[in-house]
Amino acid sequence: MVTIQDTELKEGIQEAIERAKSLSKPVLVSEVQKINHIDPLSFYAAGKSRFFGERFFWKDPSGETYIIGLGICKQIQSDQSTGRFNHVEKEWKRFINNSIIFNPYDKNATGPVMFGGFSFDPLKRKTKLWSKYSDSLFHVPTYMYSEMNGQAFLTTNVVCTQHDGDSLFEKIVAERGMIMASISDYHPENANTLQEEADINPEKWMETVDAVVDELKSGSLKKVVLARESRLIYDKPIEIERVLWNLMEMQRESFIFAFESNGDCFIGASPERLIKKYGENVFTTCLAGSIPRGKTAEDDHILGDALLHDQKNLTEHQYVVDMIKEAMEESCSEVELPDEPQLMKMRDIQHLYTPVIGKTKGDASLLALVDRLHPTPALGGLPKREAVEKIREVEELDRGFYAAPLGWMDFRGNGEYAVAIRSGLIQGNEASLFAGCGVVQDSNAESEYQETKIKFRPMLTALGGYEK
Ligand SMILES: C=C(O[C@@H]1C=C(C(=O)O)C=C[C@H]1O)C(=O)O
Ligand SMILES: [Mg+2]
């Protein structure tokens, strides 16, 4: 049981109400407490009845960082198609500008944090699949549990208006007390049964791959990432906690995320970092080129070795390295990356992987870096603009947040975004899964199709309906 001193929050709320009166606009109070460790998934589960549709979950691959949010004290959206990264950043700064923050800890992901993401392509024709998510959508949680390098924190964020009074403090403390008291060890309940699995137009997808390969052979396009969807129907509503539990068990090397909005939940286990920025240090990843895992250690080694020497996959990978290196050199003073890719092995697949680190020069912000990088040729293609236009024209899928930046940024401007792949959108007892692959001149439609099947597996297994 966590005991929390409330003097700061109480005084903070009073001060914020006064400030809201004089500024005639809402003012945020954020209070950070250092607390004993809580199981992150149990905290998430404790918000189920009260905050369903208003929660998020984040774990980084190292397990150093967990961020779990319950409730929404502020939503930041942008319907702009150009300049949306900048617009979100400005809104965020404006929101925290006059805030009152009690945070004696010099730790990232404590205090005000916004969590969310962007759609892959705001110019793509919308379908109703993603109607619960706008093109840029961020939530600032009311209650946030975060863990950094084994230390645990509870942040409480309250937006005060000029019309609020003392009862606001009482309400928040009561609600927070209820959440903390209801935390109990989460264990997954009985699994769902898959009733129907529908790959959306796989033949048409393969024809599109063939057509794009022809274009790659004749024109200026070098690579286009093409994705497709599989729709699953279960016997009962999908329990998000259980899916997260499975993802954490089975995809330990990945970012694990869930982002709820209006009753839907975008969820996944991505191995791919877009960008992390802690102070002036930035980290990004080139990940492209894939082969299955072997059934035995020897098999696995042979496959990995084949991938490291396969020309088609090396080319697919190199396009990503070239673009990311160029982007990083623009914004960073020191950029370091190995000459050759290495292997990244996950439970279901192995990839070619080149980590990149740098130090920002000037004041390149995290979202400016996201803007510069998204989409890398690992998710869009090369050249960037032409590839995105090609995807917009030929891809049947409405990608929504799939293959796009998803993550967090704190009030100090530090944070991390993953590329939201190996993901799905849960809608009650149904889910859409997404998978794509890098199409280059030497691509073969059938083997690209097989590659997407493997990429569905992490979500399919976590949801249930695929043999483990
Ligand atoms: C597009 C996806 O994955 C991307 C494509 C890869 C490839 O084609 O080899 C590998 C890793 C990812 O950058 C996906 O998982 O949906
Ligand atoms: Mg590939």
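Both ligands and their constituent atoms are indexed starting at 1 by order of listing.
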Just to be sure I understand the cut-off, which residues have at least one non-hydrogen atom under 4.0 angstrom from an atom of ligand 1? Glu272, Leu287, Ala288, Gly289, Ser290, Glu316, His351, Ala378, Leu379, Tyr402, Ile421, Arg422, Ala435, Gly436, Cys437, Gly438, Glu451, Lys455

Taking the side chain as everything from C-beta on, heavy atoms only, tell me whether Glu239 gets closer than 4.5 Å to Lys48. yes

Could you note down all residue pairs passing ring-ring contact (aromatic ring centres under 6.0 Å, His included) where residues 269-301 supplies at least one of them, sequence neighbours left out? none

Checking ring pair (Phe, Tyr, Trp, His ring centres under 6.0 Å) against Phe266, which of Phe118, Tyr402, Phe257, Phe115 comes through? Phe257

Near the Mg ion (ligand 2) (under 2.8 Å) - protein N, O or S atoms: Glu316 OE2, Glu451 OE2

Would you list the pairs meeting salt bridge (Lys or Arg N to Asp or Glu O under 4.0 Å) in which at least one residue belongs to residues 430-445, sequence neighbours left out? Arg231-Glu430

Any side-chain heavy-atom pair of Arg422 and Leu433 under 4.5 Å: no

Do the side chains of Lys390 and Glu215 get close enough for a salt bridge, i.e. N-O under 4.0 angstrom? yes

Within the 6.0 Å centroid threshold, strictly below: Phe153 and Tyr145: no

Between Lys204 and Glu207, is the closest basic N to carboxylate O distance under 4.0 Å? no

Checking side chain to side chain contact (heavy atoms under 4.5 Å, CB included) between Trp205 and each of Glu396, Glu448, Glu229, which is the one that passes? Glu448

